[in-house]
Amino acid sequence: MPTGSLEEQLRPQLLSGLAYERLLAEIVSGRLPPGQRLRLDLLAHAWSVSRTPVREALQRLVDMGFVQVSPSAGTRVAAWSADDMIERAHVVGRLIVEKTCTGPSLPLRLRDSLLADGACELLGYLELSEDLISRELGRLGTRIVRDHIDPLRLFVEPQTALRHGVDVAADRTSRRTLLSAALDAIERQEPVAARESLDAFSASFIDALGSGTAQTAATAPTATATAIATAATTGTDVRGDG
């Protein structure tokens, strides 16, 4: 039977989640580029945590294809590009068209936030996708959100996308129109019309991700990213003891 306070029991899980989110953001942004060595003990030291939550975070990223481990090269950021994000967008698009758009209407608060002035239509689509997938697929949906939607959220941030040669600003008006049409159809309980609009949005989203050179390129790192990258170059890798 678990002992200790709830806070003590949850702390390792929370720290692992925070380490995962930070590493994922650094990798998707390009500040930790493909091939960068990831040293377990120095990452833990830089973030003032034990090695266990960092190891767990790295393993999650291995499962997602953002980190790779080999006997000869150790633990490094995997080679990836906008093509990987396109594959994730395909998965999300297929799921929301084939498996969702039924059930109760969206909360008005969510609908209003997705269409608010200045709101990013790509982030709105991903937020809508998370809601539809989570309520349709339950625990499996949570895993899909983590592995597919969360990286896409980070990637479509305009500056991050541009670092990878992708312009997400093109066709924003038409995508916003499609998102609005999908929300209206869901509100009216018209799943066929909702699926058609979401399918069209998905195709436009994928086209946006395929724009430009689609190359992974890092900008000059921030002071924090420099410290992380420096910490990642010496020490024990993910397979070390925690």
Side-chain angles (χ1 to χ4, degrees), residues 16-36 38 43 53-69 75-96 100 114 120-134 137 139-169 175 198 201-219 221-222 224-225 228-229 232 238:
S16 175
L18 291 172
Y20 157 77
E21 291 173 1
R22 181 172 293 186
L23 277 169
L24 179 62
E26 294 294 319
I27 291 170
V28 173
S29 71
R31 290 188 291 268
L32 284 177
Q36 173 68 58
L38 299 171
L43 286 170
V54 178
R55 183 190 298 110
E56 292 173 350
L58 287 169
Q59 186 57 57
R60 288 173 67 178
L61 292 167
V62 169
D63 295 340
M64 294 170 64
F66 284 110
V67 171
Q68 60 185 10
V69 180
T75 303
R76 298 179 183 272
V77 178
W80 69 278
S81 71
D83 289 340
D84 297 273
M85 295 298 176
I86 290 172
E87 288 301 313
R88 285 177 164 82
H90 273 295
V91 170
V92 172
R94 286 196 297 268
L95 281 173
I96 62 175
T100 61
L114 298 184
C120 173
E121 81 289 347
L122 296 177
L123 291 175
Y125 167 77
L126 293 173
E127 186 174 354
L128 173 62
S129 300
E130 176 178 356
D131 181 85
L132 294 173
I133 291 170
S134 296
L137 299 178
R139 295 179 64 183
L140 176 60
T142 301
R143 176 66 180 267
I144 292 167
V145 168
R146 188 195 78 183
D147 290 356
H148 298 284
I149 295 179
D150 285 350
L152 283 168
R153 280 196 184 101
L154 293 168
F155 189 81
V156 300
E157 193 280 324
Q159 291 185 349
T160 294
L162 285 175
R163 289 190 188 106
H164 296 277
V166 174
D167 179 12
V168 295
R175 286 197 300 266
L198 288 170
F201 191 105
S202 175
S204 180
F205 189 9
I206 291 166
D207 285 345
L209 295 180
S211 67
T213 59
Q215 295 177 349
T216 300
T219 59
T222 62
T224 301
I228 293 172
V238 66

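Model, not experiment: these values are computed from the prediction.
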Inset, instruction - Mark yes or no for whether D147, through its side chain, and I144, through its backbone, hold a donor-acceptor pair below 3.5 Å. - result: no

Inset, instruction - Please check if the side chain of H148 supplies one atom and the backbone of H90 the other of a donor-acceptor pair under 3.5 Å. - result: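 Checking the backbone N and O of H90 against the side chain of H148, no donor-acceptor pair under 3.5 Å is found.
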
Legend entry - Which residues share a side-chain contact (heavy atoms from CB on, under 4.5 Å) with A169, sequence neighbours left out: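 Partners of A169 by the side-chain contact (heavy atoms from CB on, under 4.5 Å) criterion, ordered by chain and then number, come out as D167, R172.
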
Legend entry - Partner residues of D207 under the side-chain contact (heavy atoms from CB on, under 4.5 Å) criterion, sequence neighbours left out: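 In terms of side-chain contact (heavy atoms from CB on, under 4.5 Å), with neighbours along the sequence ignored, D207 is linked to no residue.
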
List the atom of [X], the atom of [Y], and the distance in Å for their closest heavy-atom pair.
| X | Y | answer |
| --- | --- | --- |
| R88 | P151 | NE-CG, 3.9 Å |
| S29 | R163 | O-CD, 3.3 Å |
| A19 | V54 | CB-CA, 4.4 Å |

Legend entry - Residue among V77, L23, L38 satisfying side-chain contact (heavy atoms from CB on, under 4.5 Å) with L61: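 The single option meeting the side-chain contact (heavy atoms from CB on, under 4.5 Å) with L61 is L23.
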
Inset, instruction - Let me know which of L152, V168, L209 forms a side-chain contact (heavy atoms from CB on, under 4.5 Å) with L122. - result: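 With L122 as partner, side-chain contact (heavy atoms from CB on, under 4.5 Å) holds for just one option, V168.
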
Legend entry - Counterpart residues, ring-ring contact (aromatic ring centres under 6.0 Å, His included), relative to F66 (two or more places apart):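 For F66 the ring-ring contact (aromatic ring centres under 6.0 Å, His included) partners, ignoring immediate neighbours, are W80.
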
Legend entry - Set of ring-ring contact (aromatic ring centres under 6.0 Å, His included) partners for Y125, sequence neighbours left out: F201, F205

Inset, instruction - I would like to know whether H164 and M85 meet side chain to side chain contact (heavy atoms under 4.5 Å, CB included); could you show each step before the answer? - result: CA-CA 11 Å; H164 296 277; M85 295 298 176; over 6 Å; no

Legend entry - I27 vs L154, side chain to side chain contact (heavy atoms under 4.5 Å, CB included): CA-CA, chis, key distance, verdict: CA-CA 10 Å; I27 291 170; L154 293 168; over 6 Å; no

Inset, instruction - State, yes or no, whether a side-chain contact exists between Y20 and R146 at a heavy-atom distance under 4.5 Å. - result: yes

Legend entry - Atom pair CG (D131) and CD1 (I96), whose distance is rounded to the nearest 0.5 Å: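 Spacing of CG (D131) from CD1 (I96) equals 11.0 Å.
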
Legend entry - Between CD1 on residue I149 and CD on residue E127, distance to nearest 0.5 Å: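 I149 atom CD1 to E127 atom CD measures 10.5 Å (nearest 0.5 Å).
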
Legend entry - With D150 via side-chain hydrogen bond (donor to acceptor under 3.5 Å, both in side chains) - residues at least two apart: R153

Legend entry - Residues forming a side-chain hydrogen bond (donor to acceptor under 3.5 Å, both in side chains) with E157, sequence neighbours excluded: T160

